[in-house]
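First the structure, in the form of structure tokens, and then the observations on it.
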Number of protein chains: 2
Amino acid sequence: MNGRTSRRDIYLKLRHMVLTLELAPGAALSENELAASLAVSRTPVRESLILLAQEGLVQVFPKVGSFVSRVDPAQVADAQFLREAVELASLHALPERLDPAVVEDLRVNLDRQKRGALDLEEFFELDEAFHQNLMRLSGHGNVWTTVAAAKGHLDRARRLGLHENVSPAAFVAQHHEIFEAIVGGDVPRAHTAMRTHLRAVFSDIERIRAHSPELFATDASSVPVRRNIVVWE
Amino acid sequence: MNGRTSRRDIYLKLRHMVLTLELAPGAALSENELAASLAVSRTPVRESLILLAQEGLVQVFPKVGSFVSRVDPAQVADAQFLREAVELASLHALPERLDPAVVEDLRVNLDRQKRGALDLEEFFELDEAFHQNLMRLSGHGNVWTTVAAAKGHLDRARRLGLHENVSPAAFVAQHHEIFEAIVGGDVPRAHTAMRTHLRAVFSDIERIRAHSPELFATDASSVPVRRNIVVWE
DNA sequence: CGCGAAGTTCTTGTATACAAGCACCTGTCG
DNA sequence: CGACAGGTGCTTGTATACAAGAACTTCGCG
């Protein structure tokens with residue numbers, strides 16, 4: 001029934017660019033420039049920016065400009081708290097019989113993670129699918145949508161952390177541990193493994209923050225920096 | 001720095017009308033009609049509807065129409081799971097010393113709840129503020145924003161339930177129990193009281209669903225009903 | 001040189017015009 | 001009577017025009 005609209009395409013494209021840091025935190029956006037480069041009018045671009053603003057990924061200052069949000073440590077912590085609460089709770093809501101199809105998906109996903117030599121982008125996609133499928137096991141897969149929408153700042157911080165150096169091998173091992181505990185029916189062990197995993201992800205962030213403070217927000221009253229205006233031409 | 005925009009006013013107004021059931025689930029909306037009745041152009045109305053659609057409170061069918069979402073039992077259950085996970089987790093993140101200002105706010109809030117003879121609308125506002133302040137005690141007050149955005153379907157279902165009959169007295173007593181356990185430092189008791197409270201709220205919903213099934217969504221492929229078109233006039 | 005005020009040019013917010021499509025109504029034909 | 005074809009008026013999607021404001025540049029003045 002639904003026809004495809006360009007707004008959805010543009011929204012997803014911009015969102016992806018923000019989350020992958022292709023659009024850097026703090027970068028100035030312009031509805032006109034984006035519209036021109038995407039070969040559409042301001043309308044769908046503007047509506048996409050409004051949606052991104054509601055997610056907290058973009059800040060719009062009326063009559064001043066739009067900017068990619070700097071990574072806000074407070075929002076990162078909030079997202080961390082949210083996902084930990086939800087993912088741990090879902091472990092205690094696991095049914096007796098796990099859905100074999102989802103379990104198989106998880107196994108395939110894990111195999112790919114272990115194959116090593118994987119692109120960083122690839123790892124993030126697998127990681128995202130892995131955690132979403134874990135939620136599906138407890139029948140609350142749709143809740144992941146809400147969590148995913150709220151953890152944009154955390155994802156960007158994580159990307160900053162992994163850009164630096166380390167291979168995701170440690171995280172892959174933790175995924176394995178969580179998975180084995182779940183299929184083995186050992187909920188307490190799964191709980192511990194999950195908490196360890198999520199907090200390891202979180203602890204990485206403080207390290208990178210000391211390394212690249214300019215990408216993080218300092219306080220709530222951030223002053224946007226306007227691009228220089230070219231006068232002559 | 002930010003100037004007031006009419007879009008925000010309209011968005012908040014429409015959102016409030018949807019959550020209070022002033023705009024009934026399933027009701028047809030029209031950007032043109034709303035714009036006319038609000039004395040603005042389609043633009044701010046349309047942008048507000050887009051935001052509400054992202055929250056799941058409105059469904060927009062391109063070239064067909066926009067409708068207030070019917071209450072989706074699946075989304076109600078998701079919101080219930082989400083809020084229970086978050087609110088219970090926040091109890092275990094309470095600090096040693098509670099913020100006296102927030103505690104005082106909670107006490108004043110509770111006193112008003114107990115004053116009895118309160119408007120239903122008033123009770124909902126107090127209830128909302130009460131739970132948000134509980135989250136503030138653990139330092140995760142901002143997470144409540146995410147929970148609040150995701151629990152629109154649950155709130156509407158709850159309103160349907162309380163429209164019917166009961167006084168909120170039982171809920172007020174549960175609030176009292178939770179509060180006393182928290183200020184007494186008894187986390188396990190607070191945990192039990194909170195879980196009992198949240199599930200009591202949830203159990204009310206199944207009752208009303210049997211009573212007024214037309215306000216609930218039946219399946220995902222809901223067919224929108226267009227208003228009759230008046231031809232002659 | 002310091003400083004203030006006006007001007008320029010960008011920004012987003014709002015209003016409006018046009019395009020595309022769906023659903024209903026109605027007339028017509030078998 | 002039934003069914004199909006076309007008209008009609010609504011719907012939202014997109015493009016464009018105009019308005020209001022903020023920040024930077026620059027000019028003028030002391």
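Naming: A, B, ... by sequence-line order, numbering from 1 per chain.
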Q: Classify the side chain of R42(A) versus the base of dG13(C) as yes if they form a donor-acceptor pair under 3.5 Å and no if they do not.
A: yes

Q. Hey, are N133(A) and R136(A) close enough side-chain-wise for a donor-acceptor pair under 3.5 Å?
A. yes

Q: May I have the distance from F61(B) (atom CZ) to dG13(D) (atom P), rounded to whole angstrom?
A: 12 Å

Q. Starting at OH of Y11(A) and ending at C1' of dG13(D), how long is that distance when rounded to a whole Å?
A. 18 Å

Q) Below 4.0 angstrom from OP1 or OP2 of dT12(D), is there any side-chain N or O of S66(B)? A) yes

Q: Mind calculating the distance between CD (E31(A)) and P (dT14(D)) to the nearest angstrom?
A: 15 Å

Q) Mapping T43(A) and G65(A) onto DNA chain C by nearest heavy atom, which one lands closer to the 5' end? A) G65(A)

Q | Candidates dA15(D), dT12(D), dT14(C) - which lies nearest the side chain of V40(A) | A | dA15(D)

Q. Nearest of dA22(D), dT14(D), dC22(C) to any side-chain atom of V64(A)?
A. dA22(D)

Q) Within this structure, what is the CZ-to-P distance between F67(A) and dA22(D), rounded to whole angstrom? A) 14 Å

Q | Exam field: side chain H153(B) to backbone D72(B), donor-acceptor pair closer than 3.5 Å | A | yes

Q. Counting distance only, does the side-chain N/O of Q80(B) pair as donor-acceptor with the main-chain N or O of L198(B) below 3.5 Å?
A. yes

Q: Would you kindly give the CD-to-P distance between Q59(B) and dT11(D), to the nearest whole Å?
A: 18 Å

Q.
Quick check against the 3.5 Å criterion: does N109(B) have a side-chain atom that pairs as donor or acceptor with the backbone of L126(B)?
A. yes

Q | Whole-Å distance separating the CG atom of L34(B) from the C1' atom of dT14(C) | A | 17 Å

Q. Going by modelled atom types, is there a donor-acceptor pair between the base of dG13(C) and the side chain of R8(B) at under 3.5 Å?
A. no

Q: Figure out the NZ/P separation between K63(B) and dT12(D), and round it to whole Å.
A: 11 Å

Q: Output yes when at least one side-chain N/O atom of N32(B) is less than 4.0 Å from OP1 or OP2 of dT11(D), else no.
A: yes

**Q.** Below 4.0 Å: OP1/OP2 of dT16(D) and any side-chain N or O of S41(A)
**A.** no

Q. Is a side-chain donor or acceptor of Q75(A) paired with a backbone partner of G56(A) at a separation under 3.5 angstrom?
A. no

Q) With respect to the side chain of T5(A), which nucleotide from dT14(D), dG21(C), dA15(C) is positioned closest? A) dT14(D)

(Q) Looking at L94(B), is its backbone amide N or carbonyl O close enough to the side chain of S138(B) to form a donor-acceptor pair, meaning the two atoms are under 3.5 Å apart? (A) no

Q: Classify the nucleic acid contact of R7(A) as base, sugar-phosphate or nothing, counting any heavy atom under 4.0 Å across all strands shown.
A: sugar-phosphate

Q: Using whole Å, report how far CG of L29(A) lies from C1' of dT11(C).
A: 12 Å

Q. Picking from dT11(C), dC18(D), dA15(D), which would you name as closest to the side chain of E33(A)?
A. dT11(C)

(Q) So, does S6(B) get its side chain near the phosphate of dG13(C), meaning an N or O under 4.0 Å from OP1 or OP2? (A) no

Q. What nucleotide among dG13(C), dA15(D), dT11(C) has an atom nearest to a side-chain atom of S30(A)?
A. dT11(C)

